[in-house]
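Written out below as structure tokens is the structure these notes cover.
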Amino acid sequence: MKNQKVAWIFNRIADYLEMDGIDFRTKAYRNAAHTIETLSLDIEDVRSEGRLQELPGIGSKIAQKIEEIIDTGSLEYYENLKKETPVDFEALLAVEGLGPKTIKLLYKELGVKNLDDLERETKRHHIRRLRGMGDKTEKKILENLEFARKNTGRRLLGYVLPQSREIQEEINKLDIVERVEIAGSIRRRKETVGDIDILVITQNPDEVTDFFTSMKFTEEVIAKGSSKSTVRLKNGLDADLRVFPEDEFGSAFVYFTGSKEMNIELRKIAIKKGLKLNEYGVLRDDEQLAGKTEEDVFNILGLSYIEPELRENRGEVDAAALGKLPDLVGYHDLKGDLQMHTKWSDGSSTIKIMAESAKNLGYQYLAITDHTGTLRIAGGMGDEQIKMQMKEIDQVNQELEDITILKGLEVNIDSDGLLDIKNELLADMDVVLASIHSGFRQDREKMTDRIISAMENENVDIIAHPTGRKIQERRAYDLDFNRIYEAAQETNTILEVNAHPNRLDLSDINIRRALEAGCKLVINTDAHKREELSFAELGIATSRRGWAEKKDIINTLPLKKLLKNFNLN
DNA sequence: GCCGTTTTCGGCCCGACTGTTTTCAGTCG
């Protein structure tokens, strides 16, 4: 699976080209990178089928470069660009205000290659001597440099979402604010978030902007204009505020939600129709034809409404034009949660508390799925403990009404693909999840074999966190997804969408691939205390980003149907 | 470098803000 690597190289090439002021070739490489990054197929498979040039934005030249990367692991063209300008691009670009042009200037004139060089030259006041630079630029670089060192960019959606809602509530308290919405990648529910985008309807832009730039969450003001301002928050994130009147709200909301790539597609459609789309509306010769609501904007472009989670330019615009968008699983569609832990292993709440919490969320059922034997670190249960826990579940089931606790386990798949609990005991369970917790670095075939042999055990119902990734922490292990999806269907095994904020595993792209291959999914929180049951929202969001419908997710079924259809006796 | 029910050549999304500029380039989203 070299998709990410190929996309990464193309983005770096685009950086180098942008340095030299080459506009459209830069765009071609960025387009190609986006196509490959979000591709629901393995680029190596596409290549071996000889279909690279059928992908959008990929022509003969870029196809050749993809082949070179797949065959040799590197790309000569890129290596040459690196030699020509050997700078640490990613580090320098992370400094707010520095872009490719400035980085080039700093390298040519002062030999700046990395953050240390940049700091030295700034402190010596060499930067202000350069054309277009002044003392304010130097000061800004120095401030932002510290920030770039401390913050490696994006944060997890699960942590930013509550914070953004808190800010939203605070702004909403102002009398002059008619409406305040969170837009940007948070609204699209992207798994990581770079900043917080806030959109406000008001007749008094100045007052709202003043509040925003001085509210209790704000650390410092980065930019402040009449319609747009940016602040750095105390939590280290940047937040943008944009202020609009009511009749421009819809077009502003579309524009400010993004993604940038989808916006570009929408604008192209507008141009074809002789119109212009910007944040102020859909215009014909400066006359606003639409703009009050998002629906109006999509409709006048001949599109049905596109849910924010789909707005990534991954085919949703074409689907909207054809009226073939998926009917996404809803945020209130789950009837239960099939993975959570209690004090019996590494969780911190009791079975009863978890059950009551699930009931409060409106669920009909939950499965208690504590760790088993070999996972000592997670307080894994042995046979005797499992039997004792089953008795406790029977007891709590009798005490509580309108909620059913299913008996479950999360068993460990060892390095040979074997499970750590005897089959006779597994057969007594309602729900058995199997997952990998060690030996991540085996090769692709071996990892795939391990998971498939677990699927082949008739007692295993679900493969939990199937790729083992932890966002910004640990890569997914290398799997042959075609084999996994095929085996999942043959063995009637459900793949999990683990809703834990740093897992979201399967990811949005893998969810879409799994669904295209015909698999069924379950959205589980993997909660280790009762508060974490609310992570379900993140799992649903990720599933929506993977184009999942209600029928694709087994825990949208009521209890009886769930048990009947999926043999969870 | 890619792409085409107006084009195989000539286009390629759009606007706000900042700093250093006398009219604009660079960055950001």
Side-chain angles (χ1 to χ4, degrees), chain A residues 10 13-15 17-19 21-35 52-66 77 92-106 127-141 144 183-188 190 193-199 205 209 221-231 238-244 248 251-252 254-283 301 311 313 317:
Chain A
F10 286 170
I13 291 175
D15 290 336
L17 295 175
E18 204 173 340
M19 260 189 169
I22 299 168
D23 277 352
F24 298 116
R25 216 138 50 87
T26 301
K27 247 178 60 175
Y29 277 100
R30 294 232 190 271
N31 276 338
H34 180 257
T35 294
L52 284 175
Q53 291 192 49
E54 291 174 25
L55 300 174
I58 293 176
S60 63
K61 296 272 180 57
I62 287 187
Q64 263 179 25
K65 291 189 169 69
I66 294 172
Y77 176 59
L92 291 170
L93 283 174
V95 179
E96 180 142 2
L98 284 197
K101 300 263 168 59
T102 313
I103 290 171
K104 171 107 179 178
L105 182 72
L106 293 173
I127 300 215
R128 63 178 64 175
R129 296 182 195 158
L130 303 179
R131 223 174 80 101
M133 302 288 180
D135 55 336
K136 280 190 180 169
T137 313
E138 255 179 9
K139 195 164 161 269
K140 229 175 98 177
I141 287 178
N144 291 331
S185 53
I186 298 179
R187 184 167 179 236
R188 304 201 308 279
K190 214 172 154 183
V193 171
D195 62 1
I196 299 177
D197 300 305
I198 302 160
L199 185 58
T209 303
V221 180
I222 294 175
K224 188 176 175 182
S226 58
S227 70
K228 179 186 172 186
S229 42
T230 303
V231 300
D238 286 355
D240 283 345
L241 175 82
R242 298 211 41 175
V243 183
F244 287 88
E248 291 167 355
S251 43
V254 170
Y255 158 77
F256 215 27
T257 297
S259 66
K260 186 180 167 188
E261 288 79 9
M262 186 202 72
N263 283 344
I264 290 173
E265 285 308 303
L266 296 189
R267 285 168 184 164
K268 284 183 189 165
I269 291 176
I271 291 169
K272 272 189 193 158
K273 293 181 181 293
L275 306 170
K276 184 165 82 168
L277 170 63
N278 58 26
E279 55 264 55
Y280 307 110
V282 181
L283 312 169
L301 297 177
R311 300 183 194 174
N313 196 27
V317 177

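Letters A, B, ... mirror the listed sequences (proteins, then strands); counts begin at 1.
Between dA16(B) and Tyr280(A), a contact under 4.0 Å exists linking OP1 or OP2 to a side-chain N or O. OP1 and OP2 of dC13(B) both lie 4.0 Å or more from every side-chain N or O belonging to Asn263(A). Residue Lys260(A) has no polar side-chain atom (N or O) positioned under 4.0 Å from OP1 or OP2 of dC28(B).
For Lys27(A), the listed nucleotide lying nearest its side chain is dC12(B); candidates were dC14(B), dC12(B), dG19(B). Of the candidates dC13(B), dC17(B), dG1(B), dC17(B) carries the atom nearest the Lys228(A) side chain, counting heavy atoms from C-beta on.
Base pairing of dT8(B) is not made with any nucleotide, judged by Watson-Crick or G-U wobble geometry with both donor-acceptor distances under 3.5 Å.
Going from the C1' atom of dT23(B) to that of dT18(B) covers 15 Å, rounded to whole Å. Rounded to whole Å, the separation between the P atoms of dG1(B) and dT5(B) comes to 23 Å. Distance check on atom P: dA16(B) versus dG10(B) gives 32 Å, rounded to whole Å. Between the P atoms of dC2(B) and dT21(B), the separation comes to 39 Å (whole Å).
The residue Thr230(A) sits apart from the nucleic acid: no heavy atom pair falls under 4.0 Å. Counting any heavy atom pair closer than 4.0 Å across all strands shown, Ser227(A) reaches sugar-phosphate atoms only and no base atom. Ile264(A) comes within 4.0 angstrom of a base, heavy atoms only. Among the protein residues, Asp23(A) comes within range of no part of the nucleic acid, since none of its heavy atoms lies under 4.0 Å from any strand. Contact annotation for Thr26(A): no contact, since no heavy-atom pair falls under 4.0 Å across all strands. At a threshold of 4.0 angstrom between heavy atoms, the contacts of Leu266(A) with the nucleic acid are absent.
For the pair Glu18(A) CD and dA25(B) P, the interatomic distance rounds to 15 Å; values are reported in whole Å.
Tyr255(A) pairs with exactly one of Asn263(A), Asn278(A), Leu277(A) by the side-chain contact (heavy atoms from CB on, under 4.5 Å) rule, that one being Asn263(A).
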